[in-house]
Amino acid sequence: MIQIKNLTKIYYTPHQEIKALDNVDLSVNRGEIFGIIGLSGAGKSTLIRCINMLEKPTHGTIIVDGQDIPSLSKKDLHQARQKIGMIFQQFNLLSSRTVFDNVMFPLEIAHVPVKEARQRVSELLDLVGIADKARVYPDQLSGGQKQRVGIARALANNPKILLSDEATSALDPQTTRSILKLLKDINTQLNLTILLITHDMNVIKQICDRVAVIDDSRIAEVGDVLSIFSNPGTDISRSFINAISQKDEIEGYTDKILKKHDSYSCMIRVSFIGSSAGDPIISSMIKKYGIDANILYGNIDQVKETPFGHLTLQLIGKQEAVEESIRYLYANGLEIEVI
Amino acid sequence: MLGIVSAGIFANNSWMLDAIILATWETFYMVAISTALSYLFGLPLGVILVTTGDGHILESKGFNRILGTIVNAVRSIPFIIFLILVIPLTRLIVGTYIGTIASIVPLTLAAIPFVARLVETSLREIEWGLIEAALSMGANAWQIISKVLIPEALPSIILGIAITAINLVGYSAMAGIVGGGGLGTLAYYYGYQRYEDVIMWVTVIVLILFVQLVQMLGDKLQSITISKRR
């Protein structure tokens, strides 16, 4: 649906050149929710803005649904943009228009006949669940309600793609969840491709199919969300994942804990995904090798529908028994990291 | 009350009352027409100043710089000198440079760049995100100007209109000194040259009331447009 090749964006200031994007390649499939995560200043905002030419790429191709966006004429670009919806962190609703008229706005731009447009607006307000606020001005709405209007507005001209620029970053966690759920529902109902940028791994975890990690103007890693979560290939990915769990803090204390034991001990971190989360592997290991397992930290999480977790254990016992146990865990398909 | 007072002051000089009423009317329509005309030209000029600026929807750096320089140049001419400078033009348009109608020409011309800067300031207050959102929907420049910039800046533009009208009241009094009509002419000929203190003071009071009224009207209109949105 979206193919980006060699995308480079350089900002020229009188004193220096700033490379915001450096030869970025990316491909987003039809109907998927694709997340781009990065720290502020990493280039994710520039990247998403290049897709609808709010930022003009320095060079590179951006093909959206078969059209090379940067090569379009002004008029064709206006047409193409009508089929690429966008939602924003700050919502960007017009304060001079009611909710209803805000959603009318893109339809006016596209010269949709008024009667048809009004019909469409009513449908959209129903879809996002704010039909009762149609006559109200945006100043009277909560953040979550404003973003619902933003989503309705972005969907008005039946876009094929929705770009989401930190759409939940200004919202509280509960509202974030409800907006993400709405995006997921729309994605399924309308088979809409969603490309979102965020700095919050929770957003990626909750709704994305695939994720690209962007660091220092380049794509550091791309893959499906589950495999990046279970086996991050880069430090930057690891730091995003760790940011949403507390295990680093716990593991900071390990030195103190380890010294208390006289017999051989070893700290391991076990990662489990999907079905292996259901088997009592640790318990059977303890029985089989006659060792003790001190559970220091554990969490279980869900990436979309798949359970996924970490367990930080201290194994205590004879050295051979401990080493055997670790091999046993390996053999059962768990990911082990000796700390 | 006012009737009794004015009857007292003007008891022996009923021509004075008539003269003041006529002059007030002249000032009113001079200011009203030149305010309207200065927005007719100044509003588009302000929009052009903003939209051709750096990174804006109709970016055109050279053009913007030239336009900005012209606007500044006109604004830096003191109005009393400007009045004299445009006499040939006034003659060309109106046929004479004396009288109320003729005054409208210099008043309007002087106010246009002022209005353009006021409008520019109002439009710059609009968050870029709103323009970006409209662009992302495929809006063209005209749609952004007419559906985003002007409606969003309307409360601020209304206040600017009041400021312009008040400025023009002052300018019109200056125009009055060179025969422009209105309260300025009255105060100058009768108050200054004939030492009719009453005329002088009444003129001042009328001007104060006039300015208060315009400001109140502007504030009221602005608060109506804002409160509608809350």
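Within every chain, numbering begins at 1; the chains are lettered A, B, ... in the order of the sequence lines, protein sequences first and strands thereafter. Please read all numbers here as calculations on a predicted model, not as lab measurements.
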- Task: Without swapping roles, check the side chain of B:Glu152 against the backbone of A:Ser95 for a donor-acceptor pair under 3.5 Å.
- Result: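 Yes; judged by distance alone, with no hydrogens or angles, the pair exists.
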- Item | Flag, side chain of A:Asn92 to backbone of B:Ala133, donor-acceptor distance under 3.5 Å |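 Pair absent, no side-chain N/O of A:Asn92 close to backbone of B:Ala133.
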How long is the span from the [atom1] atom in [X] to the [atom2] atom in [Y], to the nearest 0.5 Å?
{"X": "A:Ile87", "Y": "B:Ser136", "atom1": "CD1", "atom2": "OG", "value": "10.5 Å"}
{"X": "A:Met86", "Y": "B:Leu135", "atom1": "CE", "atom2": "CG", "value": "10.5 Å"}
{"X": "A:Phe88", "Y": "B:Glu127", "atom1": "CZ", "atom2": "CD", "value": "12.0 Å"}
{"X": "B:Ser227", "Y": "A:Asp139", "atom1": "OG", "atom2": "CG", "value": "11.5 Å"}
{"X": "B:Leu130", "Y": "A:Ser96", "atom1": "CG", "atom2": "OG", "value": "8.5 Å"}

- Query: Looking at A:Leu94, A:Asn52, A:Ile84, which makes the most heavy-atom pairs under 4.5 Å with chain B?
  - Reply: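 Of the candidates given, the most pairs with chain B belong to A:Leu94.
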- Partner chain B: residue of A:Lys74, A:Gln79, A:Lys83, A:Arg49 with the largest heavy-atom pair count (under 4.5 Å):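 The answer is A:Arg49.
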- Query: More than 12 heavy atoms of other residues, nucleotides or ligands under 6.0 Å from CZ of B:Phe79: is that the case?
  - Reply: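 For B:Phe79, atom CZ is crowded (more than 12 foreign heavy atoms under 6.0 Å).
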- Message: So for atom CZ, which belongs to B:Phe28, do other residues, nucleotides or ligands contribute more than 12 heavy atoms lying within a distance under 6.0 Å?
- Response: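 Open: at most 12 neighbouring heavy atoms sit under 6.0 Å from CZ of B:Phe28.
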- Task: Kindly give the heavy-atom pair with the smallest separation between B:Ala139 and A:Ile109, and that separation in Å.
- Result: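 Heavy atoms of B:Ala139 and A:Ile109 come nearest at CB-CD1, 3.5 Å.
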- Item | Qualifying residues under side-chain contact (heavy atoms from CB on, under 4.5 Å), relative to B:Arg91, sequence neighbours excluded |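 In terms of side-chain contact (heavy atoms from CB on, under 4.5 Å), with neighbours along the sequence ignored, B:Arg91 is linked to B:Tyr97.
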- Would you mind reporting whether B:Lys147 and A:Arg97 have side-chain heavy atoms less than 4.5 Å apart?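 Answer yes - side chains close enough.
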- Item | Name of the residue among A:Gln82, A:Arg153, A:Arg81 meeting side chain to side chain contact (heavy atoms under 4.5 Å, CB included) with B:Met137 |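 It is A:Arg153; the other options fail the test.
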- Task: Using non-hydrogen atoms and a 4.5 Å limit, figure out which bit of A:Leu93 sits close to chain B: side chain, backbone, both or neither.
- Result: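 Contact with chain B involves the backbone of A:Leu93 alone.
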